[in-house]
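Quantities reported herein were computed from a predicted structural model and do not represent experimental measurements. Quick note: numbers below take in every heavy atom, side chains included, and nothing from hydrogens, waters or symmetry partners.
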Amino acid sequence: MKKISINARIKELRATLRYKQAEFGEQIGVKDGAVWRMEQEGSNVTEQSIMLICQKFRVRREWLVDGEGEMFLSGEPGIFAEFAKEYKLSAQEQEVAKYLLGLSEGERANILGYLQNIAAAMERGRQADAKAAEYHRQLDEALADEKEAAAASSFSGSAKRA
């Protein structure tokens with residue numbers, strides 16, 4: 001039985017994650033040409049690339065380098081990578097999501113509480129703006145009525161004099 005190369009395993013990983021070479025390269029900070037070379041049979045894969053692939057996609061080093069054991073560290077095939085791809089998360093958005101997921105339950109509850117308070121304050125501001133707009137509408141209407149009454153009264157007064 002022929003042993004599968006690291007190059008073939010990188011290609012298999014990329015296919016499992018459903019990334020094009022350019023997308024895969026972007027995730028680990030290399031150009032798609034570098035991914036193409038990594039996937040070429042017999043091509044050398046640097047230690048830095050191995051580390052980046054393992055870290056970014058939670059791949060077991062033993063699987064990537066030697067073909068031993070499961071592909072992913074967690075048993076669930078790159079669930080975060082699939083989530084990030086499905087929702088087209090930028091690298092910055094992925095880091096924020098990872099940060100939030102790394103917080104304790106209490107810390108996440110605190111953040112959620114702050115966000116709810118911010119949303120409530122925004123709603124109060126929206127309601128105050130709506131109330132002020134309605135007040136101004138009523139004032140404009142009252143002023144228009146007064147102008148109309150004044151115009152009618154001055155018209156009737158000038159009609160009486162004539």
(message) When you measure from the side chain of Glu23 to the backbone of Lys20, do you find a donor-acceptor pair of N or O atoms at a distance under 3.5 Å?
(response) yes
(request) Kindly say whether Gln21 contributes a backbone atom to a donor-acceptor pair with the side chain of Asp32 at under 3.5 angstrom? (result) no
(request) Kindly compute the distance separating CD (Glu26) from OG (Ser90), expressed to the nearest 0.5 Å. (result) 9.5 Å
(message) As an exercise, state the distance from CE of Met38 to CG of Asn44, rounded to the nearest 0.5 Å.
(response) 10.5 Å
(message) Donor-acceptor check, side chain of Arg60 to backbone of Glu70, threshold 3.5 angstrom: yes or no?
(response) yes
(request) Might you confirm whether atom CD of Glu107 has over 12 heavy atoms from other residues, nucleotides or ligands at distances under 6.0 Å? (result) yes
(request) Answer yes when Arg14 and Glu39 have at least one side-chain N-carboxylate O distance shorter than 4.0 Å, and no when they do not. (result) yes
(request) Rounded to the nearest 0.5 Å, what's the gap from CD1 on Ile53 to CD1 on Ile6? Could you check? (result) 7.0 Å
(request) Kindly indicate, with the supporting measurements, whether the criterion side chain to side chain contact (heavy atoms under 4.5 Å, CB included) is fulfilled by Ser5 and Glu41. (result) CA-CA 7 Å; Ser5 69; Glu41 204 57 47; 2.6 Å; yes
(request) Keeping the roles fixed (side chain from Arg37, backbone from Ser43), state whether a donor-acceptor pair exists under 3.5 Å. (result) no
(request) Working to the nearest 0.5 Å, report the span between CD1 of Ile50 and CG of Leu64. (result) 6.0 Å
(request) Please determine, by modelled atom types, if Gln127 and Glu123 share a side-chain donor-acceptor pair under 3.5 angstrom. (result) yes
(request) Kindly compute the distance separating CG (Asn110) from CD (Glu105), expressed to the nearest 0.5 Å. (result) 11.5 Å
(message) Heavy-atom count check: over 12 atoms from other residues, nucleotides or ligands less than 6.0 Å from Gln92 CD?
(response) no
(message) Contact between Trp63 and Glu68 at the side-chain level, heavy atoms closer than 4.5 Å - yes or no?
(response) no
(request) Please check if the side chain of Thr16 supplies one atom and the backbone of Glu12 the other of a donor-acceptor pair under 3.5 Å. (result) yes
(message) Hydrophobic clusters here meaning ILVMFWY residues chained together by side-chain heavy-atom distances under 4.5 Å, can you tell me if Tyr114 and Met122 are in one?
(response) no
(message) Could you see if Leu112 belongs to whatever hydrophobic cluster contains Tyr99? Use Ile, Leu, Val, Met, Phe, Trp, Tyr and a side-chain cutoff under 4.5 Å.
(response) no
(request) Return the set of residues passing salt bridge (Lys or Arg N to Asp or Glu O under 4.0 Å) with Arg61 (not counting sequence neighbours), or none when no residue passes. (result) Glu47
(request) Would you confirm whether Gln94, through its side chain, and Leu89, through its main-chain N or O, come within 3.5 Å as a donor-acceptor pair? (result) yes
(message) Would you say that more than 12 heavy atoms from the other residues, nucleotides or ligands in this model lie under 6.0 Å from the CD of Glu93, or not?
(response) yes
(request) Could you go through the salt bridge (Lys or Arg N to Asp or Glu O under 4.0 Å) check for Arg137 and Glu134 one step at a time? (result) CA-CA 5 Å; Arg137 187 194 65 73; Glu134 175 59 19; 2.6 Å; yes
(request) Using a 4.5 Å cut-off on heavy atoms from C-beta on, say whether the side chain of Leu13 contacts that of Arg9. (result) no
(message) Measuring only between side-chain heavy atoms, which start at C-beta, is Val45 closer than 4.5 Å to Val65?
(response) no
(request) Give the ring-plane orientation class for Phe24 versus Phe57, where under 30° counts as parallel, over 60° as perpendicular and anything between as tilted. (result) parallel
(request) Indicate if Met51 and Val59 have the same hydrophobic cluster label, given that clusters are the connected sets of ILVMFWY residues with side-chain heavy-atom separations under 4.5 angstrom. (result) no
